[in-house]
Structure formats: structure tokens, C-alpha cells
Amino acid sequence: MLPRSEISPVFQPTSKLRRFPVMPIPEAGGSGHRGFLTPPCRFGLPQKLSDRTRFSSQMPLTYEQSVAQLLSLADFERKTRSQEAPGFHIQRTAMLLEALGNPHKRVPAVHVAGSKGKGSTCAMIAAALTASGLRTGMFSSPHLHKITERITVGGQPISDEQFVSLFERLWPVAENIRLNTDAGMVSVFEFQTAMAFLHFADVQADAMVIEVGLGGRLDSTNVITPAVSVITPIGMDHVAVLGDTITAIASEKAGIIKPGVPVISSTQVPDAATVIADTAQRMGSPLTLSNSVEVIRAEPNGAGPQLLKFQHKGASYDLELPLLGEHQVQNAATAIAALVVFSNSVIPLKQSAITQGLAKTHWPARVQVLEKGLPLLIADGAHNVDSALALKATIQRHFGTPKHLVLVLGASGGHDPLAVARVFADLSPDIVVTRSRHPKAVEPADFADALVRDRIGITAFTGTTAEGIARARMIATPDSVIIATGSLFVAAEAIESISGIEPEIYPDLRGTAGPLRLKPHRAASAPSR
């Protein structure tokens, strides 16, 4: 175990630019083993290539080559989903891990699913475990600036050298699955999941916190049998994949519940609560509700940490939480409930360490104040009606209702792109429509047209987030609040623009945002992210 002085829960983003070479990408709709296409480029149409163009297994590879080769796999975060049987996402991951000696079975895990707040809750749990002196791994997605952010130990991303080493060990196993089974080639996320489990076993982690990528039941992380399962608030998101009702989505999220494994559930809407309770009872899994952690004090402190006090089973947790918003208070209660169960069943944790860890939580792009001056500049990844409501409530709770609001607004396909604008419409914002560099980002002109059709006025639109920030500064007054939001990727690029971070660039990746549809306004569930 590392000395506590060598473990930091604070993530330090990279400032080194990585531009990756163009690599072959799988045919659209395929499982990754029938042939490859060169990516579209500005100079010509894609050209079909044979399997001989695939990267050979000659080693060693550079970090850039390893990332490029990894991203040549089917990437459902950035491209449309294939039509293969969804169970393959579990089967292929299990095949990978079995060939590696099942490293995922060697480290006690906390497994976290949910529509909102799962990333923040993971970060809080991992920070508290680290503060307890445990070597703690965390696997999360997506990354903001660099792909190594997804796999951390003690809050620090794995090194480039560790990434390459893990890739070199896993790639031949993945190729063997492609060539000698009918499962096809693994996806980017499946590969990264296996990388994370292998790394945590390599470093002899004491605990690992695993964030579900999408859903739960069929997510590649669901190969584990954790010590504790956690389900954060469930809402209407990813409906094309998970279902178009709360009951259907909750059934997918509750798929992480394992027989006899304790479950922590955040406060849920009634339909989701029923599904979780029924599933836990059927599995014989003890269920703890996060509202068993009583909130004694929750005072906003402007741009400073919230002043919080919780009480649970006779213990008090008095701390300053750096994450802003009432929804983060509820996420902290969920994290405390999960940590108490972990402490009772796996490794004893001191109450003081839990308090210290929560106070050190760092989770960027979630109501992150980038500039406290005049005007105030905030980045947040709100991308649907629930997260937009949480963002609005947080701004008003911590800073009051803005006299003048400027939204730098972008959207990604698969979400409700008009939700944020609708939620803030009563504040008469100036809206600067933009787009991130993400392959599924909606084109600014299309988004602007959709806003106008929805009777929401816009002030300008730009081609990049950085240009959007610059335009917002021109519009803003000293009394203004500027918020860069609409997708996590817009928020990440706002951070890069302000902080001077040069991110990794993947010019070979292309994707489709999908049709931009106007969705009717609907009642939202309780905001929590």
C-alpha cells in the first residue's frame, strides 16, 4: 500500500497535446471483424481496405499508437450502436478477463449505476476510501481531456507507460476472441473495462469504485460481484437504448443487483423505487435508502464549499463539500450510506477519514466555477431536463438569480438538446449556440434552427466552444453569469479554453449526431446529478 502522503484524491489534468494518427475504423453496423473503412476526411470519400491494414501486433507501441489502435474498435460512445446481440458486451468482457485470470475478482468493489449523480457519487466514495489509507482504483467515463483519466488510483490517472503496457497485454487476447470465437471484436469500452480491472489487480488495490457506462444489466462492468451496489437517481435518459419508461430504465439499472449483495439506493421517483425494492427482495439483497443519512445542515457558500453536516447511525459527518448544489448534498448522503456498508462488510473505515475524503472530492465540469470575477463563468455538463433543473437550482442557490445570463450552449445526439434552453428560458438568456469536437455533436446551425422553431431566441452561433466563450465575453456585462453547458464535452472544452489545457485530439473519429427532434416539455423528476 502506498504511504498516505503519496496518495492524492485530486485529479491533475494533462496539459500536453496529443494528436493521434488516422487509424482504420470498423464498418458501420458491424461487429468489428468483417473489414475496415478509412475515416471520412475533407479530401475524399472513405476507401475500403482489407484486414491486412489492421495494426499488426509488433511491439512496442508508443502511447499515441496504442490509443489510436484502441479507438479503431467499435466505439458506441462516439458512433451509432451496432445491431449485434447486446449480451455480447458482457460475454466478450468475461472472455477477456477469464483469459487474464479474472483480475476483477481480486479487488473488493463498489458498483455504481444510475441516470444522474453516479460519477459524482463514485468520486466521493473513492476519495473517502483513499483518505482512509486504502489504495483505491476508480473506473469512470467519459474522460474530459485525456483517455487515461478513466482509470485512476488514489485519484491519479494511470501513466502513459502503464496504458501502453496494459494495451499490449490485452490486444492479443482481444484478437484471439475476434479470430477464434463468434463473439466478434471487443468494443472500446469493453477493452477499457478489462484494462481497468487488470490494472487494479496489478497494483494490488485494496478497493475499486466502478461506474457503470450505460444502463447496468448489460453493461460490460456488470461482470463483477461487488461488495456494495449503488443506484443513484434514475430519470429519462438514453431512452433509445434503455427504454422509454422509468420502469424499463430502472429495470436495466437494477440489473447490477447481485444475490445477497447489499444495495444502496438514492431517493427515487416512485416507479424506480418500486423496481429497485422488488429486485433487491427477489435477490435477497439488503436495501438501504440514502435518506437514512439525515441532513442536519446544508448551507451554500457562494463559490466556496458547501457547509454540510450529516448524521447516520449515531455518527456525525461535519464537512465542507467542494461540489456545489443541493443535488450534491443528496449524492454525498448516498456515498456515506455506501461507505458505512462497505466499512461494516469489507474494511473498517474511520468516520474522520470519510469526512476528510468527502471534503477533498474533485469532480470537474459539474457546476465548476472557472472564473469568480465579473462576470462569473461556470462550466457544467447538463444535457437533459433533470440536469438542467439541477444546474438552474444550483446557480440560484449559490449566487442568486442572475441579472443577465449568457448560455454557451451545445448538444450531443441521443439527448434532449432543447432541455437546458427551455429550463432557463424564463431568465431571458442570451444564447450562443456552439458545438464541441465530439463526433456526435449537433451542428450549430441545426441546433439554432431547432431553438427558433421552439420559440427560443438565439443571439449568435459559433463553430467551436472556445469561440462561443469569446463571443459570450463580448455580450456579457459585469453583472452577467456565463454558463457553458448542454453537454459534458462543451463543459470540458470550456475548462480547456480557460485553463489552457491542450487535450488529446482524435481526428480519425467521426460519428453521427442523429436526427434533431423537438421533444415536448414534460414534468421532470427530482434534479440530482
Side-chain angles (χ1 to χ4, degrees), residues 104-132 134 136-140 197 200 205-212 215-217 219 221-234 250-268 272-294 310-315 317 330-351 353-355 357-358 528:
H104 61 302
K105 297 181 179 181
R106 301 179 204 166
V107 183
V110 178
H111 199 195
V112 183
S115 302
K116 300 165 286 184
K118 58 180 177 166
S120 299
T121 303
C122 283
M124 292 182 199
I125 293 171
L129 293 173
T130 298
S132 298
L134 303 182
T136 305
M138 188 171 96
F139 177 56
S140 62
F197 290 139
F200 299 151
D206 301 301
M208 59 183 181
V209 182
I210 307 298
E211 180 187 4
V212 167
R217 181 176 65 92
D219 189 75
T221 65
N222 205 29
V223 294
I224 61 174
T225 299
V228 185
S229 301
V230 180
I231 303 178
T232 63
I234 293 172
S251 296
E252 292 297 319
K253 307 288 186 183
I256 70 167
I257 298 175
K258 303 297 194 303
V261 174
V263 183
I264 310 299
S265 175
S266 300
T267 300
Q268 306 285 354
T274 298
V275 169
I276 293 168
D278 289 349
T279 305
Q281 183 177 28
R282 186 172 68 251
M283 292 290 187
S285 302
L287 175 62
T288 299
L289 302 181
S290 66
N291 61 14
S292 63
V293 179
E294 185 180 0
F310 301 93
Q311 191 165 340
H312 182 58
K313 295 185 176 180
Y317 304 85
Q330 301 307 315
N331 291 336
T334 300
I336 289 172
L339 288 160
V340 169
V341 171
F342 186 90
S343 177
N344 291 337
S345 60
V346 184
I347 302 173
L349 307 174
K350 291 183 179 180
Q351 173 189 333
I354 293 175
T355 300
L358 292 177
S528 179

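The figures here come from the full heavy-atom set of this structure, side chains too, leaving out hydrogens, waters and symmetry mates.
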Asks: Give, for atom CD of Q281 and atom CD1 of I257, the distance between the pair rounded to the nearest 0.5 Å.
Replies: 11.5 Å
Asks: Could you grab the distance from atom OH of Y317 to atom CD1 of I354, nearest 0.5 Å is fine?
Replies: 4.5 Å
Asks: Is there a donor-acceptor pair under 3.5 Å between the side chain of T221 and the backbone N or O of D219?
Replies: no
Asks: Do the non-hydrogen side-chain atoms of K258 and P226 ever get within less than 4.5 Å of each other?
Replies: yes
Asks: How long is the gap from CE on M124 to SG on C122, to the nearest 0.5 Å?
Replies: 10.5 Å
Asks: Are the side chains of I224 and F197 in touch, meaning some heavy atoms are under 4.5 Å apart?
Replies: yes
Asks: Please report the C-alpha distance between V346 and V228 in whole Å, then the side-chain angles of each, then the deciding distance to 0.1 Å, and finally whether the side chain to side chain contact (heavy atoms under 4.5 Å, CB included) criterion is met.
Replies: CA-CA 9 Å; V346 184; V228 185; 5.7 Å; no
Asks: Is any side-chain heavy atom of L129 closer than 4.5 Å to a side-chain heavy atom of L339?
Replies: yes
Asks: Under the side chain to side chain contact (heavy atoms under 4.5 Å, CB included) rule, what do T334 and I125 come out as? Steps first, then yes or no, please.
Replies: CA-CA 9 Å; T334 300; I125 293 171; over 6 Å; no
Asks: Taking the side chain as C-beta and beyond, is there a heavy-atom pair between I210 and H104 under 4.5 Å?
Replies: no
Asks: Mind checking ring-ring contact (aromatic ring centres under 6.0 Å, His included) for F139 and listing every partner two or more places apart, or none if nothing turns up?
Replies: F189
Asks: Side chain to side chain contact (heavy atoms under 4.5 Å, CB included), that's the test. Do S292 and H312 meet it? Break it down for me.
Replies: CA-CA 7 Å; S292 63; H312 182 58; 3.4 Å; yes
Asks: Any heavy-atom pair between the side chains of V212 and H111 that's under 4.5 Å?
Replies: yes
Asks: Less than 4.5 Å apart, any side-chain heavy atom of I256 and any of V261?
Replies: no
Asks: Sub-3.5 Å donor-acceptor pair from the side chain of N222 to the main-chain atoms of R217, do we have one?
Replies: yes
Asks: Decide yes or no for I234 and I276: does some side-chain heavy atom of the first lie under 4.5 Å from some side-chain heavy atom of the second?
Replies: yes
Asks: Should S265 and L287 count as side-chain neighbours, where that means a heavy-atom distance under 4.5 Å?
Replies: yes
Asks: Would you sort out whether Q330 and S266 count as a side chain to side chain contact (heavy atoms under 4.5 Å, CB included), showing the intermediate values?
Replies: CA-CA 8 Å; Q330 301 307 315; S266 300; over 6 Å; no
Asks: Look only at the side chain of Q268 and the backbone of T232, and say whether a donor-acceptor pair between them is shorter than 3.5 Å.
Replies: yes
Asks: Between S343 and L349, which heavy-atom pair has the shortest distance, and what is it?
Replies: OG-N, 2.8 Å
Asks: Could you measure the distance from the OG atom of S120 to the CD atom of E211? Nearest 0.5 Å is fine.
Replies: 9.0 Å
